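This report concerns only the one structure given below.
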Amino acid sequence: MTWGEESDFPDRMPLSQQALAARGVPYLDDLNPAQREAVEALDGPVLMLAGAGTGKTKALTTRIAHLLNTGRARPNEILAVTFTNKAAREMKERVARLLGQTVEGMPWMGTFHSICVKLLRRHAELVGLKTNFTILDTDDQVRLLKQLVVAADIDEKRWPARQLAHLIDNWKNRAWTPDKVPAAEGSAFNHRGVELYAAYQDRLKTLNAVDFGDLLLHVVTIFQTHEDVLAQYQRWFRFILVDEYQDTNVAQYLWLRLLAQRHRNICCVGDDDQSIYGWRGAEVGNILRFEKDFPGAKVVRLEQNYRSTPHILAAASGVIAANRDRLGKTLFTDATEGEKVRLIGHWDGEEEARWIGEEIESAQQGTRGMRPFALNDMAILVRASHQMRAFEDRFLTIGLPYRVIGGPRFYERLEIRDAMAYFRVSVSPDDDLAFERIVNTPKRGLGDKAQQKMQRAARDNGVSLVEGAKILLDEGGLTGKGAAELKALLGGIGRWHGRALDARQNHVELAQQILEESGYTEMWQNDKTPEAPGRLENLKELVKALEQFENLQGFLEHVALIMDNSSEESEDKVSIMTLHAAKGLEFPVVFLPGWEDGLFPSQRSMDESGVKGLEEERRLAYVGLTRAEELATVSFAGNRLVFGQWNSSLPSRFIDELPPEHIEVLTPPGLYGGQQQVESDLVNRASRADVYNSPGWKRLQSRSQTRGMAQPREARDMVIDATALSSFVEGDRVFHQKFGYGEVIAIEGDKLDISFDKAGFKKVVARFVTAAEAAGDVPF
DNA sequence: CGGAACCAGTTTTTT
DNA sequence: ACTGGTTCCG
């Protein structure tokens with residue numbers, strides 16, 4: 001039998017069975033029975049349903065180690081797929097640790113996309129590409145589509161290219177090539193979606209480029225149309241492992257199914273309760289019907305949780321139990337001690353941020369009998385990124401160190417993308433998209449007009465833009481400053497290209513010089529906006545990153561797929577991130593703010609996807625709660641500034657679903673005096689009344705009566721007050737803390753239509769306003 | 001070409 | 001409220 005790919009892995013033979021027996025398999029003793037079952041069931045299809053914090057990665061990596069150790073597979077016969085580079089890295093590290101050596105010999109361990117790149121480079125010609133195709137990112141993709149939309153004479157205003165990009169992405173996620181898009185989608189994008197999709201694919205082929213979706217789609221196409229190629233890989237990959245199976249989309253699903261058909265040794269690990277990427281094409285259905293796809297599949301449930309306290313686990317289970325379509329798991333833990341999940345309501349988002357800031361500071365000190373926590377141990381998980389601002393503002397004012405996880409990635413930054421475009425044209429001058437990007441950056445007097453001329457020259461002569469530009473210059477189609485600058489740029493590109501091909505050339509130095517000779521560095525040096533220094537810093541970092549690669553080509557090839565910027569920070573900081581970004585992470589202390597209907601669950605999600613959307617939101621709540629190891633705090637605010645609009649909202653319906661016996665209801669600050677301003681007192685009462693009047697809260701009150709929880713007494717008084725307060729008549733002058741003064745126009749039940757002097761017309765819950773006279777006493 | 005003025009679109013995100 | 005994009009004018 002041949003080894004194939006021989007150079008790809010170290011010369012290490014798997015241990016023989018005897019050697020193994022002699023040595024024992026200590027790693028197996030570390031597993032609980034379920035994990036062990038999942039590890040040892042090497043043959044046939046296995047579905048590992050791994051609840052949050054149940055040692056999924058451990059089981060997965062041990063399984064790989066076991067496959068190797070028992071000699072069932074050679075390192076290069078195992079296909080192990082993840083979604084993110086981070087997960088792939090972790091898998092590699094942990095397998096290496098288990099085996100006590102590096103696993104460079106596992107060429108097929110990586111993300112779906114990186115593995116597809118590898119496959120596609122080998123078989124590019126089967127889909128009309130050259131093996132050195134470029135990978136476009138979203139930005140390039142949109143720019144290209146924009147050109148096509150304009151060329152098709154469609155109003156780009158009404159039909160934005162970005163929308164088309166999403167549409168095409170969705171189609172690709174479902175493995176639909178242009179000819180396979182169902183007729184029902186025909187009306188998409190002004191009835192021209194499919195036509196533009198086809199044009200886009202043509203254009204990509206001409207450019208010898210692919211987008212992210214193509215990586216999978218092309219490989220699936222190759223597998224479907226070239227049996228021999230498929231057969232070769234089916235034979236090769238004796239064992240297939242898939243992480244986060246619940247996140248696979250149709251294309252990935254097909255890809256896996258095709259590859260697994262022969263040996264049927266496929267082990268999918270996932271948790272249907274943590275499927276939170278439906279909106280970008282993930283199909284929970286894939287995991288739900290695994291047993292149908294692979295008859296005789298062994299289903300192993302990992303249900304013992306090693307992460308959270310019993311209360312946190314019970315709260316999370318209580319919430320997720322409300323979902324219908326589940327495979328069903330019951331998490332349990334051996335842990336006995338622990339705090340209940342805390343719940344608290346606030347007047348508005350600002351107060352919520354203030355309170356959480358204080359809680360973080362006191363958790364740092366160690367209070368209420370809990371140990372002190374480092375800031376690194378604490379995280380705030382929000383539903384939508386706009387919620388982060390309130391926390392950032394607050395933490396900046398009190399000087400609490402924080403880090404925002406997610407957000408713009410290093411390689412997505414403007415200056416990095418520009419620099420990369422320079423590198424790209426240097427490596428391949430026929431990279432039109434890259435050339436377009438840098439031709440007038442820095443400004444060279446080559447505006448729209450000049451660029452159009454270049455485009456035309458290129459098209460007329462059937463050559464690349466760079467060549468077209470040369471022709472244009474030769475023909476004297478450009479004059480003056482622009483001509484001179486273009487000539488200089490083209491000269492530069494020629495020089496850089498020559499040097500990029502020269503193996504003796506130090507590529508780091510070259511990169512540095514490209515940026516200088518092109519005037520790009522200078523452009524930022526002369527820029528006096530506050531961001532400029534940071535951008536120069538980033539450019540330096542980019543050049544430094546080059547050191548780890550052999551040459552520019554190598555760098556460009558890798559970078560397209562490595563879009564994560566996990567710069568390891570060592571400082572002690574609180575993390576702020578979205579719930580999505582938090583998947584797979586864990587923190588001793590977790591804050592879950594913004595549990596309000598409309599925000600979480602998100603209104604849009606429910607509008608667009610109905611019950612399905614709601615269930616996905618609920619899974620998000622489950623993910624959030626299960627991130628917490630020791631202390632979880634859910635909070636909500638009665639009022640929130642969203643997109644410049646004050647919205648009042650009710651506590652999330654998920655709050656109703658929290659099992660009361662595992663919840664501790666906290667008293668909001670300011671309830672017993674301590675108000676700085678008299679004027680806000682009435683309003684605060686009103687807000688509190690609203691908070692306490694919500695169905696969720698009331699239920700909690702009644703449930704928590706057995707426990708001597710602080711406070712219902714005063715809260716009940718508030719409710720009475722509120723009722724009294726809501727008796728307005730049309731024409732009343734009223735005051736609202738955020739909207740200011742206004743006049744009641746109409747009344748529908750407890751909702752008032754009010755025309756505010758400053759804020760304009762608003763519908764407001766009666767409890768949120770006070771009679772103008774009362775509040776008017778206080779000067780503002 | 002650059003700056004000012006105007007206007008629309010604002011969940012979640014990887015590769 | 002804020003951003004990013006486009007348009008319009010000097």
Side-chain angles (χ1 to χ4, degrees), chain A residues 81-88 110-117 135-142 146 156-158 160-163 166 169 172-173 210-217 244 247-249 251-252 275-282 349 381-390 393 405-409 411-412 414 440 442-450 480-482 485 558-566 577-584 594 598-609 613 616-617 619-621 623-624 640-647 738 759:
Chain A
V81 223
T82 64
F83 275 85
T84 64
N85 290 304
K86 197 175 153 205
T111 63
F112 275 102
H113 290 84
S114 67
I115 290 170
C116 282
V117 170
I135 302 165
L136 303 189
D137 60 28
T138 325
D139 219 78
D140 291 322
Q141 192 188 355
V142 172
K146 197 169 189 168
E156 219 265 325
K157 283 280 153 45
R158 282 194 34 181
R162 197 159 281 285
Q163 191 190 319
H166 281 138
D169 271 347
K172 287 185 175 175
N173 284 340
V210 299
D211 62 23
F212 287 124
D214 283 335
L215 291 173
L216 271 152
L217 187 54
E244 306 280 13
D247 288 339
T248 50
N249 60 35
Q252 287 155 341
S275 163
I276 56 176
Y277 286 110
W279 51 273
R280 66 174 197 211
L381 312 183
V382 298
R383 173 63 182 86
S385 48
H386 63 72
Q387 287 171 264
M388 293 181 181
R389 249 200 73 167
D393 284 353
I405 301 202
R409 276 169 286 278
Y411 289 106
E412 276 169 17
L414 178 85
N440 201 28
K443 295 276 177 283
R444 296 192 173 90
L446 298 165
D448 278 353
K449 273 270 167 56
K481 182 172 175 260
E485 293 262 21
H558 278 262
V559 113
L561 291 178
I562 305 172
M563 285 304 216
D564 64 348
N565 60 338
S566 48
M577 69 188 93
T578 62
L579 287 161
H580 284 90
K583 194 167 88 159
L599 178 62
F600 187 42
S602 128
Q603 193 57 52
R604 193 157 152 184
S605 184
M606 292 186 293
D607 290 347
E608 282 174 10
S609 319
E616 182 153 315
E617 296 285 308
R619 293 193 289 267
L620 216 36
V623 167
R640 196 175 290 278
L641 189 58
V642 183
F643 302 134
Q645 282 276 313
W646 278 98
N647 295 92
K738 297 298 171 187

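As the structure is a computational prediction, the values presented were derived from the model and not from experiment. Within every chain, numbering begins at 1; the chains are lettered A, B, ... in the order of the sequence lines, protein sequences first and strands thereafter.
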Of the candidate nucleotides dT12(B), dT11(B), dT14(B), which contains the atom at the shortest distance from the side chain of Ser602(A)?
dT11(B)
Measure from CG on Asn647(A) to P on dA1(C) and round the result to the nearest Å.
13 Å
Could you check whether any side-chain N or O of Gln387(A) sits under 3.5 Å from a backbone N or O of Ala384(A), counting only pairs where one atom can act as donor and the other as acceptor?
yes
Residue whose closest nucleotide on DNA chain B lies nearer the 5' end, Ser605(A) versus Arg444(A):
Arg444(A)
For a 4.5 angstrom cut-off between non-hydrogen side-chain atoms, does Ile115(A) reach Val81(A)?
yes
Contact class for Asn440(A) vs. all strands (heavy atom < 4.0 Å): base, sugar-phosphate, or nothing?
sugar-phosphate
Regarding the side chain of Phe212(A), the nearest nucleotide among dT15(B), dT13(B), dT11(B) is dT15(B)
So Leu414(A), base contact, sugar-phosphate only, or nothing? Heavy-atom distance under 4.0 Å.
nothing
Contact class for Arg619(A) (heavy atom, under 4.0 Å): base, sugar-phosphate, or nothing?
nothing
Among dT10(B), dT13(B), dT15(B), which nucleotide has an atom closest to any side-chain atom of Ala581(A)?
dT13(B)
Assign Gln141(A) to base, sugar-phosphate, or nothing according to its heavy-atom contacts below 4.0 angstrom with the strands shown.
nothing
Remember a base hit wins even if backbone is also touched, and classify Thr578(A) as base, sugar-phosphate or nothing at under 4.0 Å, heavy atoms.
sugar-phosphate
Trp279(A) has its side chain closest, among dG2(B), dT12(B), dT14(B), to dT12(B)
Minimum-distance nucleotide (side-chain atoms of His580(A) versus dT12(B), dC2(C), dT11(B))
dT12(B)
When you measure from the side chain of His386(A) to the backbone of Phe643(A), do you find a donor-acceptor pair of N or O atoms at a distance under 3.5 Å?
no
Among dT10(B), dT15(B), dT6(C), find the nucleotide with the atom closest to the side chain of Lys146(A).
dT6(C)
Do the side chain of Asp137(A) and the main chain of Asp140(A) share a donor and acceptor less than 3.5 angstrom apart?
yes
Measure from the side-chain N and O atoms of Asn440(A) to the backbone N and O of Leu446(A), and report whether any donor-acceptor pair falls under 3.5 Å.
yes
Nearest whole Å is fine: how far is dT12(B) P from Gln387(A) CD?
9 Å
Given dA1(C), dT11(B), dT14(B), which nucleotide is nearest the side-chain atoms of Arg604(A)?
dT11(B)
Heavy atoms from C-beta onward define the side chain here; which of dC2(C), dT12(B), dT15(B) lies closest to that of Arg383(A)?
dT12(B)
Rounded off to whole Å, could you give me the CG-to-C1' distance for the Asp139(A) and dT15(B) pair?
15 Å
Which nucleotide in the list dT10(B), dT15(B), dT12(B) gets nearest to the side chain of Phe643(A)?
dT10(B)
Regarding Gly213(A), tell me which of base, sugar-phosphate or nothing describes its non-hydrogen contacts under 4.0 Å with the strands shown.
nothing
Spacing between Leu599(A) atom CG and dT11(B) atom P, to the nearest angstrom:
12 Å
Test your reading of the model: is there a side-chain donor-acceptor pair from Glu616(A) to the backbone of Gly278(A), 3.5 Å cut-off?
yes
Sorted by position of nearest nucleotide on DNA chain B, 5' first, the leading residue of Lys481(A) and Glu616(A) is Lys481(A)
